[in-house]
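Report on the structure given below.
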2 protein chains.
Amino acid sequence: MAKRKSLKEDPCPVARCIDVVGDRWALLIIRDAFEGLRRFGEFQKSLGVAKNILSTRLRDLLHAGIMEIMPASDGSAYQEYVLTPKGRELFIVVLSLRQWGEGHLYQHGERCATLVDRKSGKTISRIELRTSDGELIALEDAVFKK
Amino acid sequence: MAKRKSLKEDPCPVARCIDVVGDRWALLIIRDAFEGLRRFGEFQKSLGVAKNILSTRLRDLLHAGIMEIMPASDGSAYQEYVLTPKGRELFIVVLSLRQWGEGHLYQHGERCATLVDRKSGKTISRIELRTSDGELIALEDAVFKK
DNA sequence: CCGTATCCATTCCGATACTG
DNA sequence: CAGTATCGGAATGGATACGG
């Protein structure tokens with residue numbers, strides 16, 4: 001006993017997410033992947049994580065279908081880790097964390113990277129809630145319907 | 001040596017978030033709080049977590065300013081745990097996880113709660129990216145500007 | 001440079017007993 | 001019902017050595 005209960009079969013999708021990306025490193029690896037990191041050593045240096053941990057985390061992400069292996073883009077013999085479409089859809093998750101962190105976990109000053117539209121260069125705005133016909137909703141008005 | 005490195009001072013806001021809500025239970029407690037749970041026993045029953053763990057997690061969330069103590073609404077002697085404004089702003093985070101999980105971690109069928117606007121009853125749509133002037137952006141076009 | 005394997009310390013978690 | 005105390009086991013993390 002004292003067996004860690006898996007959340008994979010939990011009826012709540014949030015719980016299932018946490019089972020997949022809810023550890024200390026997964027979302028940070030994914031964040032780095034969004035910033036263009038691909039190689040084992042790049043992740044290792046960026047995160048300062050032990051190599052064995054990184055190794056198992058990457059394997060977990062591969063197995064979860066969030067990342068995939070690609071042949072090295074520079075012709076070297078090694079492989080690179082890139083996000084799958086499923087993984088790229090975690091962008092909203094990472095972004096929402098980023099926005100919350102910027103708003104509540106910073107004193108002032110230190111502004112880090114902002115997000116822009118590649119085409120127009122325009123800043124991407126804070127995530128908001130809308131109804132299906134585009135109407136803005138306040139956080140307080142969002143309720144769950146069983 | 002072998003000292004767990006704190007992410008509190010990390011320059012990246014995502015990392016700081018993970019330091020605060022990146023464990024196995026915090027976001028699930030917060031999720032439950034959004035669904036109206038307030039009492040120690042309610043959380044405990046919903047999560048199936050050991051009481052000592054729940055106790056420390058709630059204390060951490062109080063200390064992080066994400067939840068706060070309120071006198072019991074039913075006149076009983078006990079206290080209740082409710083989200084602060086800072087905590088409620090995690091709604092987007094929980095929702096983005098939920099949407100990703102629904103999209104990628106479910107086979108089919110089992111649809112869980114959907115989100116509606118309290119006033120109009122209209123369904124709240126999938127989170128999307130927009131520029132500051134309201135234009136929709138595809139995920140692929142969002143890039144970080146240092 | 002890319003990883004795997006090993007060893008050890010720390011942290012986390014679950015179960016239970018216990019107090020008020 | 002609401003928590004605290006304690007214990008043992010599991011998972012995690014760090015450092016390093018090693019092989020491809």
Side-chain angles (χ1 to χ4, degrees), chain A residues 1-10 15 18-30 32-33 37-64 67-82, chain B residues 1-10 15 18-29 32-33 36-64 67-82:
Chain A
M1 55 294 254
K3 172 75 164 318
R4 190 202 193 88
K5 168 183 347 179
S6 170
L7 299 174
K8 277 193 183 52
E9 311 297 337
D10 194 286
I18 288 177
D19 196 76
V20 179
V21 297
D23 78 294
R24 189 177 188 74
W25 298 111
L27 282 172
L28 295 178
I29 293 172
I30 291 162
D32 279 354
L37 271 53
R38 300 171 143 244
R39 298 282 283 262
F40 188 93
E42 291 178 323
F43 290 113
Q44 211 254 319
K45 194 167 94 170
S46 163
L47 298 170
V49 59
K51 295 199 287 182
N52 54 349
I53 306 291
L54 177 58
S55 179
T56 62
R57 283 292 162 272
L58 285 172
R59 191 162 37 225
D60 292 345
L61 291 173
L62 292 173
H63 191 261
M67 303 190 84
E68 62 187 339
I69 296 272
M70 299 268 288
S73 48
D74 64 352
S76 74
Y78 305 114
Q79 40 200 7
E80 302 187 340
Y81 301 86
V82 300
Chain B
M1 56 307 242
K3 172 79 165 315
R4 190 207 192 84
K5 169 183 346 177
S6 172
L7 298 174
K8 277 192 182 53
E9 310 298 337
D10 193 285
I18 287 176
D19 196 77
V20 179
V21 296
D23 78 294
R24 190 177 187 72
W25 296 112
L27 282 172
L28 296 178
I29 293 171
D32 279 355
L37 272 53
R38 298 169 145 248
R39 297 284 282 263
F40 188 92
E42 292 178 321
F43 289 112
Q44 211 254 319
K45 193 167 93 168
S46 162
L47 298 169
V49 59
K51 295 201 287 183
N52 55 347
I53 305 291
L54 178 58
S55 179
T56 62
R57 283 293 162 269
L58 284 171
R59 190 161 38 222
D60 293 344
L61 291 173
L62 292 172
H63 191 261
M67 303 190 83
E68 62 187 339
I69 295 272
M70 301 267 288
S73 48
D74 63 353
S76 73
Y78 304 115
Q79 39 200 6
E80 302 186 341
Y81 300 86
V82 300

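Side-chain atoms are counted along with the backbone in the values below, which use heavy atoms only and exclude waters and symmetry mates. For clarity, every value in this text was computed on a predicted model and none was experimentally measured.
Atom CH2 in B:W25 sits roughly 14 Å away from atom P in C:dC12 (whole-Å rounding). Between B:L62 atom CG and D:dA2 atom P the separation is 15 Å, expressed in whole Å. C:dC12 atom P lies 13 Å from atom CZ of B:R24, rounded to whole Å. When the C1' atom of D:dA2 is taken as reference, atom CG of B:L54 falls 10 Å away, rounded to whole Å. Atom CD1 of A:I53 and atom P of C:dG3 are 16 Å apart (whole Å). Rounded to a whole Å, the NZ atom of A:K51 is 9 Å from the C1' atom of D:dT16. Between the CG atom of B:L47 and the C1' atom of C:dG14 there is a distance of 14 Å, given to the nearest Å. Straight-line distance from the NZ atom of A:K45 to the C1' atom of C:dC2: 15 Å, rounded to whole Å.
For C:dC13, one of the phosphate oxygens OP1 or OP2 lies less than 4.0 angstrom from a side-chain nitrogen or oxygen of B:R57. Under 4.0 angstrom from either OP1 or OP2 of C:dG3 there lies no side-chain N or O belonging to A:R39.
Between A:F40 and A:Q79 there is no side-chain heavy-atom pair separated by less than 4.5 Å. Inter-residue side-chain proximity for B:I29 and B:L54 is flagged as met; some heavy-atom pair is nearer than 4.5 Å.
For D:dG14, the base has a donor-acceptor partner in the side chain of A:N52 [N/O atoms by modelled type, under 3.5 angstrom]. One donor-acceptor pair, N or O on each side, does fall under 3.5 Å between the base of C:dC1 and the side chain of A:Y78.
Contact annotation for A:Q44: no contact, since no heavy-atom pair falls under 4.0 Å across all strands. Residue A:Y81 is in sugar-phosphate contact alone, with no base atom involved, counting any heavy-atom pair closer than 4.0 Å across all strands shown.
At least one donor-acceptor pair under 3.5 Å links the side chain of A:Q44 to the backbone N or O of A:V49.
With respect to the salt-bridge test (charged N to carboxylate O, under 4.0 angstrom), the residues B:D23 and A:R24 do not qualify.
Screening B:L62, B:D32, B:L61 against B:Y81 for a side chain to side chain contact (heavy atoms under 4.5 Å, CB included) leaves a single residue, B:L62.
Projected onto DNA chain D by closest heavy-atom contact, A:A50 and B:I69 fall at different nucleotides, the more 5' of which corresponds to B:I69.
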